Amino acid sequence: MNAPALSVLIPVFNRDVTPLVRALLGQAHTWGGPVEIRCLDDGSGEEVRCLNRALATIGTVHYDELPQNIGRAAIRNVLAAQAQYEWLLLLDNDSLLPDEHFLARYAAACHQAPVLVGGTTYLAAPPSSPSLLLRWLYGRRREARPAAVRQRAPHGQLSLNNLLIKAEVFRRLGLDESLTRYGHEDTKFGWLLRRANIPVVHLDNPVLHDGLEPATIFLQKTHDAVRNLVQLYRTEGLGTDTKLLQAALRLQRWGLAEAVCIAFRLRQHQVRRNLHSRHPSLRQLDALKLYWLLRELLA
């Protein structure tokens, strides 16, 4: 029996991915079959591109650049179309490998299902910069979940970062390129997998998230994700299994949506101050997301 072949797909945006690529190359032999790494730059600045162009000189690495940014979903679809092997490993460009056994663990588990999710972890120590605390806290509390917890709702806990998937499955379903803003491409993809009865298995094989954004940027991305969630709900009825949308729809049914928006608007500045502080509250973040969602639904 031939060993499986693997294409590692890394969309690049304003990030030096040389450390990640070299770590992958260092353990490629543990996969047990051919491995290629494909890096596609999605409109980064010239300074970053200069750092990454040397990757094109490495035989099993394919590095290329797009003239302008096409978005998170579209670039992954392009990479998947270019990939030459039967398995795809999707990694975000701000990921780092936890140890030298990362690919070996996937190789040992790839017979379990056509889709495997390894998870994400964060450093235990909080960042020294207060502006990064909100993103770190959110990652530690909401994203760094063990496989046993994620497996309770395997399709709903799917993340496109650190996803190992059969190429034919990914290409058959694809990512929704109409979601041009940040967020919920994985929600839609998990829904498609569930509708197609394709099993998803979660593993404890996390990558380390190494790209903490300042609170201002994180909040903007979170707002964009809320808008995408509303778009998916209105166009396809998707997202009703999320706690956020469930809460908003209940308030709408009870006729309380406008009153809640008015009440929150009075304390919005206080909430934002907290989220930028040294002691950000995820409850306050949840309240802000609910406010954003209600405003979108009422618009």
Side-chain angles (χ1 to χ4, degrees), residues 13-14 71-72 92 94 120-145 149-150 153 156-161 179-188 209-235 238-299:
F13 183 68
N14 287 334
R72 291 161 52 87
D92 283 354
D94 56 3
T120 306
T121 190
Y122 288 76
L123 292 175
S128 56
S129 171
S131 69
L132 303 179
L133 283 169
L134 176 62
R135 183 66 185 93
W136 172 81
L137 183 66
Y138 185 86
R140 291 275 294 176
R141 299 272 180 87
R142 301 286 175 84
E143 295 177 342
R145 295 176 173 175
V149 173
R150 289 182 271 121
Q157 295 290 316
L158 184 136
S159 169
L160 291 173
N161 182 30
L179 298 174
T180 55
R181 294 180 293 256
Y182 175 92
H184 287 294
E185 310 96 314
D186 42 11
T187 301
K188 171 73 178 288
H209 186 276
D210 189 49
L212 296 177
E213 305 112 338
T216 302
I217 296 174
F218 176 58
L219 289 173
Q220 181 58 58
K221 286 185 172 182
T222 303
H223 197 173
D224 286 343
V226 168
R227 292 188 179 108
N228 275 355
L229 181 59
V230 173
Q231 178 181 330
L232 288 171
Y233 170 67
R234 283 179 168 158
T235 58
L238 181 62
T240 53
D241 55 345
T242 65
K243 292 180 180 179
L244 182 63
L245 187 54
Q246 287 173 356
L249 294 176
R250 276 198 303 270
L251 290 171
Q252 266 200 325
R253 285 197 302 271
W254 297 340
L256 297 174
E258 286 194 41
V260 169
C261 280
I262 293 170
F264 186 87
R265 196 177 301 129
L266 297 174
R267 57 188 297 267
Q268 184 178 178
H269 296 299
Q270 177 187 344
V271 170
R272 288 182 177 275
R273 278 198 303 272
N274 168 266
L275 296 177
H276 286 83
S277 74
R278 291 184 176 273
H279 303 284
S281 164
L282 295 185
R283 280 190 167 187
Q284 301 273 42
L285 176 62
D286 291 339
L288 181 59
K289 288 165 65 177
L290 181 60
Y291 169 65
W292 286 334
L293 183 51
L294 287 172
R295 283 200 317 177
E296 291 290 325
L297 291 174
L298 291 170

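Worth saying up front: this structure is predicted, and the values here are computed from it rather than measured.
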Crowding at [atom1], [X] (>12 non-hydrogen neighbours, <6.0 Å):
X    : atom1 : answer
E258 : CD    : no
R142 : CZ    : yes
Y122 : OH    : yes

Heavy-atom donor-acceptor pair, R295 side chain to C261 backbone, under 3.5 Å: no

Looking at D241 and G156, would you say the former's side chain and the latter's main chain have a donor-acceptor pair under 3.5 Å? no

Could I get the full list of ring-ring contact (aromatic ring centres under 6.0 Å, His included) partners for Y291, not counting sequence neighbours?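 Partners of Y291 by the ring-ring contact (aromatic ring centres under 6.0 Å, His included) criterion, ordered by chain and then number, come out as F264.
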
Non-neighbouring partners of F13 that pass ring-ring contact (aromatic ring centres under 6.0 Å, His included), sequence neighbours left out: none

What's the separation between atom [atom1] in [X] and atom [atom2] in [Y], rounded to the nearest 0.5 Å?
X    : Y    : atom1 : atom2 : result
K289 : T242 : NZ    : OG1   : 9.0 Å
L212 : L132 : CG    : CG    : 5.5 Å
R145 : Q157 : CZ    : CD    : 4.5 Å
D286 : S281 : CG    : OG    : 8.0 Å
K188 : N228 : NZ    : CG    : 11.0 Å

Please give me the minimum heavy-atom distance between [X] and [Y], naming the atom from each residue.
X    : Y    : value
L133 : R278 : CD1-O, 3.5 Å
Q252 : L297 : NE2-CB, 3.8 Å
L294 : A257 : CD2-CB, 3.9 Å
D94  : H209 : OD2-NE2, 3.3 Å
P280 : L275 : CB-O, 3.9 Å
L229 : G239 : CD1-CA, 4.0 Å

Residue pair R267 / Q284, side-chain donor-acceptor N/O under 3.5 Å: yes

Under a 4.0 Å threshold between the charged nitrogen and the carboxylate oxygen, would E143 count as salt-bridged to R135? yes

I'd like to know if R72 and D186 make a salt bridge, using a cut-off of under 4.0 Å between side-chain N and carboxylate O.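 Salt bridge between R72 and D186, a charged N being under 4.0 Å from a carboxylate O: no.
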
Under 4.5 Å between any side-chain heavy atoms of L251 and L290, yes or no?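 Heavy-atom side-chain distance check passes, below 4.5 Å.
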
Donor-acceptor pairs are to be reported for all side-chain atoms of residues 215-222 against protein atoms at under 3.5 Å, with residues two or more places apart or in another chain.
residue, atom, partner, partner atom, Å
T216, OG1, H276, NE2, 3.3
Q220, NE2, D224, OD1, 3.2
K221, NZ, E213, OE2, 2.8
T222, OG1, F218, O, 2.8

List the steps and the verdict of side chain to side chain contact (heavy atoms under 4.5 Å, CB included) for L245 and V230. CA-CA 8 Å; L245 187 54; V230 173; 5.8 Å; no

Walk me through whether E185 and L160 qualify under side chain to side chain contact (heavy atoms under 4.5 Å, CB included). CA-CA 8 Å; E185 310 96 314; L160 291 173; 3.8 Å; yes

Step by step, would you call L123 with D210 a side chain to side chain contact (heavy atoms under 4.5 Å, CB included)? CA-CA 9 Å; L123 292 175; D210 189 49; 5.7 Å; no

Would L282 and Y138 count as a side chain to side chain contact (heavy atoms under 4.5 Å, CB included) if you check the C-alpha gap in whole Å, the side-chain angles of each, and the deciding distance to 0.1 Å? CA-CA 7 Å; L282 295 185; Y138 185 86; 4.2 Å; yes

